[in-house]
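Worth saying up front: this structure is predicted, and the values here are computed from it rather than measured. Any value given below was found using the heavy atoms of this structure, including those in side chains, with hydrogens, waters and symmetry copies removed. Residue numbers begin at 1 in each chain, while the letters A, B, ... track the order of the sequences.
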Amino acid sequence: MYPYYESDWSVLPPEANRRFNPAFNMATIKQVVNEAIERVRMPTPMRLRDLIRQIRAARTAAEERSVVNKECAYIRSTFREEDSVWRCRNIAKLLYIHMLGYPAHFGQLECLKLIASSRFTDKRIGYLGAMLLLDERQDVHLLITNCLKNDLNSTTQFVVGLALCTLGAIASPEMARDLAGEVERLMKSPNAYIRKKAALCAYRIIKRVPELMEIFLPATRSMLSDKNHGVLITGITLITEMCENSPDTLNHFKKIVPNLVRILKNLILAGYSPEHDVSGVSDPFLQVKILKLLRILGINDADTSEAMNDILAQVATNTETSKNVGNTILYETVLSIMDIKSEGGLRVLAVNILGRFLLNNDKNIRYVALNTLLRTVHVDTSAVQRHRSTILECLKDPDVSIRRRAMELSFALVNTQNIRTMMKDLLAFLEKSDPEFKAPCSSSIVLAAERFAPNKRWHLDTLLKVLVAAGNYVRDDVIASTIQLISESTSHQGYIALQLYKALSEDLQNRQPLTQVAVWAIGEYGDLLLQAPPDEEHSIQSPTEEDVINIYHRLLWSPQNTPTTKQYALMSLTKLSTRFSSTNQIQQVISSFCSNLHIELQQRGVEFSQLFGKYSHLRPALLERMPPMEVVRQPDDTLHTNGDLDGLEPHSEESSPQHVPSESNALLDLLGGSDDLDIIKPSSVPSKPTSVLNTNNQDLLDLLGLGPLGDSTPVANDTTNNMDLILENNNANLLPVMSNQNSNFLTDDLFSSGNTETEIKSIPPLTAFEGDGLQVVFSFDSAKENNTATINVTASNHSLSTMSDFLFQAAVPKTFQIQMLSPSDTAIPSNGVVTQVLKVTNPGQNVLRMRIRISYTVDGNPVLEQTEVNNFPNELWE
Amino acid sequence: MMQFMLLFSRQGKLRLQKWYVAHPDKLKKKITRELITTILARKPKMCSFLEWRDLKIVYKRYASLYFCCAIEQDDNELLTLEVIHRYVELLDKYFGSVCELDIIFNFEKAYFILDELMLGGEIQETSKKNVLKAIAAQDLLQEEETPQGFFDDHGLG
C-alpha cells in the first residue's frame with residue numbers, strides 16, 4: 001500500500017479519504033486540496049479580546065504600532081477576500097484600533113456590508129462602525145441611505161432602532177431629505193421605543209434642513225399627550241427646536257403652555273416613582289426640558305408668562321436642594337424666571353436662589369451662580385449688589401473658571417459708592433492673578449476708575465497701582481489714558497511726578513509701561529518734580545537734578561528696557577533740558593545716541609542734538625509743556641452710578657477704531673435708516689473755539705488720517721509735516737501734539753478763513769428748512785482744494801419763545817464726507833440766531849443730497865423736524 | 001445639544017468617543033488631544049466646567065476614568081453632570097460594578113448603552129430600567145442567532 005492513503009497522513013477530510021474510491025479522480029483531488037489550502041491560509045482570525053490584550057501588552061509605542069499594523073494588514077486582506085463570516089469580528093477590532101488613533105477609513109464600505117447582512121450581530125456592529133467611521137461628509141451616503149431605508153421598514157423594533165440611531169448621528173442634508181418621510185411615519189408608530197427615537201431623528205433632520213419642519217408638525221403635537229417619559233422628553237426637545245427655528249411655529253405652540261404646566265405640575269406633585277426618580281426628584285431630565293421650553297415660549301409675551309408664573313414659583317420653592325439634581329432644576333427655573341416677563345416677587349426669589357448658590361459648598365453650583373448673576377446683573381443690579389462681598393470672596397477661589405467669572409461680575413458691580421473698597425480687592429487680585437487675567441483686569445480697573453473715581457488724586461493713585469501690579473501685561477490703552485489723566489489734572493502733576501519718580505528708582509525691569517508713563521511725566525513736569533513737597537506718608541523726598549539724570553542714565557543704557565521705552569526716555573530727557581539747569585549733561589547723553597545701533601534711537605539722537613546746536617534758539621518753544629489733554633466724556637457717563645455694564649461697553653469701544661463707524665450707524669438709524677448716508681454727530685454742547693473738534697481722541701485721530709475712515713481732510717497734510725510731530729514719539733504721546741495742532745489749525749480756519757481762501761465765489765444762500773418760526777439757511781463758501789465746501793448754517797428763531805436744546809444733525813450719502821463743527825449755542829432766543837459750520841468733502845463730484853434733523857424744545861415741548869435738502873447749487877464744487 | 005462625549009483614562013488614553021456633530025478625523029483628534037491635556041492638568045478641587053471655544057465643557061472623574069461632554073451655550077451644565085452620572089449608573093448596572101477594563105474590553109457594549117440613553121446629542125430615555133431592558137433584549141437577539149457553543153468562535157470573541 002502507498003503510505004499516501006494512510007488516514008493520519010492525509011490532508012484530505014475523512015469522507016474524501018478512501019483507499020480505492022472509484023470517484024477518486026483528479027478533479028476531486030484538486031478541489032479538496034484547494035479547500036485545504038484555503039483553510040490554512042485563512043485561519044480563524046484573532047479574537048477581539050486577544051487583540052486588545054496584545055495591544056495592552058505592548059510596552060513601547062513602536063511595539064504597539066507593529067501589533068496594530070500587522071493586524072490591520074490582516075484585516076485588509078480579509079476584506080479583499082470578501083470573507084463574510086469573520087467580517088463582524090474584524091470590524092470590531094478595527095473600531096478598537098480606530099479609537100487608538102490609527103486610520104481605519106478602509107473599513108467604511110465593510111460597515112455597509114455588515115449593515116446589509118441579515119444577522120442582528122452584523123447589523124449592530126455595522127451601524128456602530130458607520131457612526132464611528134463615517135460622518136456626514138462621506139460620499140458613501142447614497143449607499144447607506146438605501147440600507148437605512150430598508151431597516152426603517154424592518155419588523156424588528158431593534159433593527160429600526162439601530163437605523164434611527166445612526167440616522168440621528170450622521171444625517172447629512174441629503175439623507176435628511178430622503179428619509180424625512182420614513183421618520184415621520186415612525187413618529188406615529190404604536191411602539192414607544194420607536195416613537196421616541198423617531199422624534200429625536202426628526203429633531204436632527206430639522207437641525208440639518210429647517211424647511212422640512214412642516215411635515216413633522218402634526219405628529220409632534222400628539223406626542224405631548226403621551227404617558228411615556230421617553231416620548232415626552234423627545235417630543236419636547238423636538239418642539240423646542242421647532243420654536244427656535246421659526247417665530248410662526250413659536251406662536252403656534254404658545255397654546256401648549258397649559259399642557260406643559262400640567263405635565264410639570266404632575267411631575268412635582270407625583271409621589272415616588274422608582275423608575276424616574278433621581279435622589280428624591282422626579283425625572284429632572286424631563287423637568288429641565290419643560291422649563292427650557294416654557295422659557296422660550298414666554299420670552300417677551302406677557303400673557304404666556306402670566307400663565308407660567310405660578311408653576312415657576314412652585315418649582316422654585318418646592319424643589320429639594322440638598323443634591324446637585326435639585327439645584328439643576330432650580331438653575332433652569334431661575335433662567336426661565338429671568339428671561340420671561342415674570343412678576344417682580346418671582347425675580348427677587350430667583351436672585352435669592354442664586355445668592356444661596358454662591359454660598360453652596362459645591363464649586364459647580366457657585367460657578368453656575370456667578371455665571372447667571374453676570375447675565376442678570378443688568379436687569380436687577382441692586383439685588384445682585386447684596387451679594388457683593390460673597391462675589392469678591394470668589395476672586396480668591398482656587399478655580400480659575402470661578403475667578404474669571406467673579407472678576408467679570410465684580411467689575412459689573414463697581415459704582416461710585418463702593419469703588420474704594422472694591423478697588424482694594426480688585427487691585428489685590430490683579431497683583432496675584434495669573435498672567436492671562438492681568439491685561440483684561442488692568443484695563444477694566446482703568447475704565448471703572450475713569451467712571452467712578454471719587455477724586456483726581458485717588459484716580460491717579462489707582463492708575464499708578466495698576467501700572468505697578470500688572471507690569472508688562474498692561475495694554476497700551478492704559479498707558480495712553482494714564483498720560484492723558486496726568487496731563488489733565490494740573491494740580492496734582494508735581495505729586496504724581498514725585499510718585500512716579502519714586503517708582504522709577506525701584507526695580508522696573510518687567511514694568512515697561514510704568515517706566516514709559518514715569519519718564520513722560522518727569523519730562524513734562526520736571527520743574528514741578530524738583531519743587532514737589534515731600535510725601536510724608538511714604539517718606540519720599542523730592543530729588544535733585546543729579547538724581548533724576550542718573551536714573552535716565554540707568555534707563556537708557558540698561559539692556560532690559562525696550563527701544564520704545566528708551567525713545568520715551570530720550571524725548572523726556574530732551575524736555576528736561578529746558579526745565580533743568582544742567583543742560584550740558586543732558587546734551588552729552590543725547591549726543592551719545594547719534595551713533596546708536598538702533599535706527600529709531602539714532603534718529604532721535606541726531607534730531608534732538610540739533611536742538612542743542614544750530615537751532616538751540618527754537619528749543620524752549622518747541623519743548624514747552626503740553627496743554628492739558630481734555631477728554632470730553634460721554635454725557636451718559638455721569639448718569640451711571642450703579643455700575644451696570646452698559647456704561648462700560650461704549651468706553652471700551654472708545655479705544656478701538658471700530659467705534660466711529662458704529663456710532664454713525666446708530667445715527668443712520670436715527671435718521672430713518674437710509675443705508676447710503678454717512679453722518680457725523682456734532683457735539684451737542686458748544687465748546688470753546690480752541691477745541692472746536694468734538695468729543696474724543698478718536699475724532700482727532702480720524703482727522704489726521706490715522707483713524708479707520710482714513711479721512712483726507714485738509715488738516716492732515718498740514719500737520720504731519722509739523723516740527724513738533726517729528727520731535728514726538730510716534731507712540732501714545734503723539735496724541736497731545738495732534739490735539740494741540742489741530743485746535744490751532746481749526747481756530748485759524750474758523751476765524752480767518754476769509755484770509756486764506758482767495759477764490760470765493762458768491763453763491764446764493766439756500767433755505768433748508770422753514771416752519772414753526774424756525775428758519776434754517778445754508779450759505780456757502782466754496783473751496784476748490786480737496787473738493788471741500790463749507791456750509792454756514794444759520795438757524796434763526798422768528799417765534800416769540802426761546803428754543804432750547806437746539807440740535808442740528810445732518811447726514812450725507814457715503815460718497816461724501818461731512819464734518820460738523822460745534823454750534824455757537826444750544827438755545828436760540830426769540831429773534832436770535834445760532835450758527836454752525838459744516839464741511840462737506842465731495843471726492844466723487846456727485847450731486848449732494850443731505851438729510852437734516854432738527855430738534856429743540858419750545859415752552860417745554862420737544863419738537864422734532866426732519867427734511868431732505870436736494871437743491872444744492874451746482875457751483876458748490878466748481 | 002451635546003456635541004460630543006469623550007471617555008479617557010487618567011493616563012490620557014481615549015476609551016470612548018461619541019460625536020454628534022460632523023468633524024473631519026483630524027479635527028476630532030486635535031480636539032480630543034487638547035481637551036484631554038487641559039482636563040488632566042486641572043486640579044481635583046476645581047469645578048467641573050470649562051469654557052472652551054464657544055462650547056461649555058462638562059467633565060467628571062469616576063475612579064480612573066474621566067467623562068467629558070461638550071455642550072452648547074444654552075444647555076444646562078448641571079444637567080449634563082446628571083446625564084454623565086446616569087450613564088455611569090447604567091454601565092455599573094450592566095457590567096456589575098463597572099471598571100475601566102470592562103469598558104476597554106467591551107467598548108462596543110458601552111457604545112450600545114450610550115446609544116440607548118442618548119440619540120443625536122439629546123436624551124432619549126429617562127428610565128434606567130427601559131435602557132437596560134432594551135440592551136438585554138438586543139443581547140438576547142444576538143445570542144439566539146449564534147449556534148449554541150459556537151458563540152465564542154463566532155461572536156466578537
For the side chain of S401(A) and the backbone of F49(B), is there at least one donor-acceptor N/O pair under 3.5 Å apart?
yes
Any side-chain to backbone donor/acceptor pair from N364(A) onto C47(B)? Under 3.5 Å, distance only.
no
Are any side-chain N or O atoms of Q142(B) and backbone N or O atoms of F120(A), one a donor and one an acceptor, separated by less than 3.5 Å?
no
CA sep, side-chain torsions, deciding dist, call: R42(B), D399(A), salt bridge (Lys or Arg N to Asp or Glu O under 4.0 Å)
CA-CA 9 Å; R42(B) 281 173 67 88; D399(A) 190 335; 3.4 Å; yes
Structural part of K197(A) lying under 4.5 Å from a heavy atom of chain B
both
For the side chain of K29(B) and the backbone of G101(A), is there at least one donor-acceptor N/O pair under 3.5 Å apart?
yes
Heavy-atom pairs under 4.5 Å with chain B are the metric here; pick the option from T156(A), V368(A), D397(A) that has the most.
V368(A)
Please look at K56(B) and chain A and tell me whether the side chain, the backbone, both or neither of the residue comes under 4.5 angstrom of a heavy atom of that chain.
side chain
Does E122(B) come within less than 4.0 Å of K207(A), counting only side-chain N to carboxylate O?
no
Could you tell me which residues in residues 75-85 of chain B have at least one non-hydrogen atom under 4.5 Å from a non-hydrogen atom of chain A, sorted by residue number?
D75(B), N76(B), E77(B), L78(B), L79(B), L81(B), E82(B), V83(B)
Could you tell me whether a side-chain N or O of R204(A) sits under 3.5 Å from a main-chain N or O of Y20(B), the two making a donor and an acceptor?
yes
Would you mind checking which part of I135(B) comes under 4.5 Å of any heavy atom in chain A, side chain (CB onward), backbone (N, CA, C, O), both or neither?
both
Checking K129(B) against chain A: side chain, backbone, both or neither under 4.5 Å from a heavy atom?
side chain
So which part of K28(B) gets closer than 4.5 Å to some heavy atom of chain A, the side chain, the backbone, both or neither?
side chain
Does the structure place the NZ or CZ of R86(B) under 6.0 Å from the centre of the six-membered ring of F285(A), at an angle of no more than 45° from the ring's axis?
no
